[in-house]
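Sequence lines set the chain letters: A, B, ... in the order given, protein chains first and strands last, and positions in each chain run from 1. Just so we're clear, the structure is a prediction, and the values are computed from it rather than from any experiment. As a basis for the values below, the full set of heavy atoms in this structure was taken, side chains included, without hydrogen atoms, waters or symmetry mates.
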There are 2 protein chains.
Amino acid sequence: MPKRDREATRARLLEAARLRFAREGYDATSVRDIAGDAGVDATLIFRYFGSKKRLFDEVTADLPAGLPDGLPDGPEEELVARMLRAVVFHDWTRYGGEHPLVAMLRSSAHDDARQRMRQEVCDTYVDALRDLAEGDGPELRAELLSAWLVGIGILRSVVATPALAGASADDLAPHVEAVASALLGRPMRGTPSSEG
Amino acid sequence: MPKRDREATRARLLEAARLRFAREGYDATSVRDIAGDAGVDATLIFRYFGSKKRLFDEVTADLPAGLPDGLPDGPEEELVARMLRAVVFHDWTRYGGEHPLVAMLRSSAHDDARQRMRQEVCDTYVDALRDLAEGDGPELRAELLSAWLVGIGILRSVVATPALAGASADDLAPHVEAVASALLGRPMRGTPSSEG
DNA sequence: CCCATAAGTCATCGAACGCTGACTTGCCCG
DNA sequence: CGGGCAAGTCAGCGTTCGATGACTTATGGG
């Protein structure tokens, strides 16, 4: 492994940018901050990415493709419970401790960020939930459920509402069950059966 | 009315700041932008408010106290429906077309903004909903319902999810009824009776 | 060993930022 | 009319921003 490793440096910059953009948003993050975190010179950002904007694009382009592992696996009636765990209790340390979608809200003044968020929400959550909805307007039902998941993520990690911030996944389970069943029009389970 | 009206100028600055901060967030807004919108000199901001930060504080301090009129009025079982209308379908033109809470999320990198959001959410939404929740953990139920309202507001106005963005209040009514009833453990109505 | 190439550094640019103090303009009261 | 005071203007402070180009240093093939 050479001391001067272009790819390694690029990766360190990407990782540092990911964290900064997530924690503080696009505008509040400076290229010097990112380079400082990565332990390299700020100029390399322009060498490797062209501009701050393009670095942001590259960071937000490869979101974790929603929830990488195990989201579609398991019984349908536990999908929402798995989603909630993935949204709220997954280890998002690479994104400042918050779900990437929640973090990206900080940069939502930029239209690109909005588009990426919409695409991410629709492709990852709404698409998966729509197939579960019974009755009229499965799209709207799926979006309303997605809104709940997003809202929980925000109230937990950003607003830090007292009860939600201190709640465990098991505390939420019965409510997940109730709401998901009510919205999807079919019985749902609040706890993945892998638990206890 | 004198041509040089301190109070009027101050008010114009506050109004312009409200819109800018809401639309673009704290960091992306410059005092020159605000002053330009208000049609006055930028230095007046420091004359009248001391600093950009204090102007922001003043703008966010007098949020519309949640939902100014008619929120507590009306039957209890329609409270959530009224809240949703207030959150989502109220005329928020003074805040860039979005709910102040959603707008403030853009500045959520600053701890003050987070505190204000928490206070606003707890005082306006959770407090009112907690009294309606039956069964164990009314606080958590109230916060989960608040999370839903916030999430809907975000998916509608920021992420612009297709079905939700095009939905009317009446489209949401049955789902409001189902979710609110499920979460609060008591029957709820989705449409204010003032309608139709 | 030498040198072309690529990785990383340095000094600095022009623009924009928040903010300050000295200045000018207009209004009211005697 | 005229002085005093408040409202509003102006030039510029020091800093930081994103971005550029010339420079130095390390690496690896001949």
Open item on the list: Which residues in residues 10-38 of chain B have a heavy atom closer than 4.0 Å to any atom of DNA chain C?
Closed with: B:T29, B:S30, B:V31, B:R32

- [ ] Would you tell me whether A:R116 and A:T60 have side-chain atoms, one donor and one acceptor, within less than 3.5 Å of each other?
- [x] yes

How close or far is atom [atom2] of [N] from atom [atom1] of [X], stated in whole angstroms?
{"X": "B:D41", "N": "C:dG21", "atom1": "CG", "atom2": "C1'", "result": "14 Å"}
{"X": "B:K52", "N": "C:dC17", "atom1": "NZ", "atom2": "P", "result": "9 Å"}
{"X": "B:I45", "N": "C:dC17", "atom1": "CD1", "atom2": "C1'", "result": "13 Å"}
{"X": "A:K53", "N": "D:dA19", "atom1": "NZ", "atom2": "C1'", "result": "16 Å"}
{"X": "B:L44", "N": "D:dA6", "atom1": "CG", "atom2": "C1'", "result": "12 Å"}
{"X": "B:D5", "N": "D:dG8", "atom1": "CG", "atom2": "P", "result": "8 Å"}
{"X": "A:F46", "N": "D:dT20", "atom1": "CZ", "atom2": "P", "result": "7 Å"}
{"X": "B:F49", "N": "C:dC19", "atom1": "CZ", "atom2": "P", "result": "13 Å"}

Task: CA sep, side-chain torsions, deciding dist, call: A:D170, A:S168, side chain to side chain donor-acceptor pair (under 3.5 Å) - done: CA-CA 5 Å; A:D170 291 329; A:S168 71; 4.9 Å; no

Between [X] and [Y], does any side-chain N to carboxylate O distance fall below 4.0 Å?
{"X": "B:R18", "Y": "B:E15", "result": "yes"}
{"X": "B:E177", "Y": "B:R189", "result": "no"}
{"X": "A:E143", "Y": "A:R130", "result": "no"}
{"X": "B:K53", "Y": "B:D57", "result": "yes"}
{"X": "A:E98", "Y": "A:R23", "result": "no"}

Task: Cation-pi geometry met for A:R106 and A:Y26 (6.0 Å, 45°) - done: no

Open item on the list: Hydrophobic clusters here meaning ILVMFWY residues chained together by side-chain heavy-atom distances under 4.5 Å, can you tell me if B:V87 and B:M188 are in one?
Closed with: yes

Open item on the list: Tell me whether the side-chain N/O atoms of B:Y48 come closer than 4.0 Å to OP1 or OP2 in D:dG8.
Closed with: yes

List, with names and distances, any nitrogen or oxygen atoms from the protein found under 3.5 Å away from nitrogen or oxygen atoms belonging to nucleotides 21-24 of chain D.
unit_1 : atom_1 : unit_2 : atom_2 : d
D:dA22 : N6     : A:R47  : NH2    : 3.3

